Amino acid sequence: GAKLLAVDINTKELVHEYTIPSEIAGIGSYCQDFQIDTKSEKIYIADIGVMAKKPAILIYDISSKTIRKVLSRDKSVLDENYVIDSKGKK
């Protein structure tokens with residue numbers, strides 16, 4: 001399954017590892033972007049859910065090593081109809 005890994009950039013040692021449970025990010029999940037909040041020690045991960053069509057936000061608590069899924073299929077995380085325009089070509 002999907003994993004969160006933290007590596008010390010100076011020593012190149014693995015300093016934190018967490019396997020995301022399949023009930024949180026299973027088949028059809030696609031975890032791609034993340035943001036780290038150092039004050040609250042949380043990591044916010046975008047699961048665009050391409051195959052499962054269940055996009056959501058995952059919130060990982062670094063200190064307790066727990067994760068939860070929020071906004072699953074909420075309007076705020078669903079894709080919208082859009083057209084990519086690249087150099088005048090659609």
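These numbers were taken from a predicted model, which means no experiment stands behind them. Start at 1 with the first residue, then count along the sequence.
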Going hydrophobic residue to hydrophobic residue with side-chain gaps under 4.5 angstrom, can you get from [X] over to [Y]?
| X | Y | result |
| --- | --- | --- |
| Ile59 | Leu71 | yes |
| Phe34 | Leu4 | yes |
| Ile43 | Ile67 | yes |

Minimal non-hydrogen separation, [X] against [Y], with atom names:
| X | Y | result |
| --- | --- | --- |
| Ala56 | Val70 | CB-O, 3.5 Å |
| Ile57 | Ala46 | CD1-CA, 4.4 Å |
| Thr11 | Asp8 | N-OD1, 3.1 Å |
| Leu14 | Glu17 | CD2-OE1, 3.5 Å |
| Arg68 | Ile24 | CA-CD1, 4.4 Å |

> What pairs of residues pass the salt bridge (Lys or Arg N to Asp or Glu O under 4.0 Å) test when at least one of them lies in residues 21-39, not counting sequence neighbours?
Replying inline: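 Every candidate salt bridge (Lys or Arg N to Asp or Glu O under 4.0 Å) pair involving residues 21-39 fails, so no pair, neighbours aside, qualifies.
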
>> Run the salt bridge (charged side-chain N to carboxylate O under 4.0 Å, His left out) test against Lys42 and tell me which residues pass, sequence neighbours left out.
In response: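 By the salt bridge (charged side-chain N to carboxylate O under 4.0 Å, His left out) rule, Lys42 matches Asp61.
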
>> Please determine whether the number of non-hydrogen atoms from other residues, nucleotides or ligands lying under 6.0 Å from atom CD of Gln35 exceeds 12.
In response: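 For Gln35, atom CD is not crowded (no more than 12 foreign heavy atoms under 6.0 Å).
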
> So Tyr60 and Tyr18, would you call those rings parallel, tilted or perpendicular, with 30° and 60° as cut-offs?
Replying inline: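 Tyr60 and Tyr18: tilted rings.
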
> Any donor-acceptor pair under 3.5 Å linking the side chain of Asp47 with the backbone of Pro55?
Replying inline: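 Looks like no, no N/O pair under 3.5 Å.
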
>> Can you tell me how far apart CD1 (Ile45) and NZ (Lys69) are? Round to the nearest 0.5 Å.
In response: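 Answer for the CD1-NZ pair, Ile45 versus Lys69, is 11.5 Å.
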
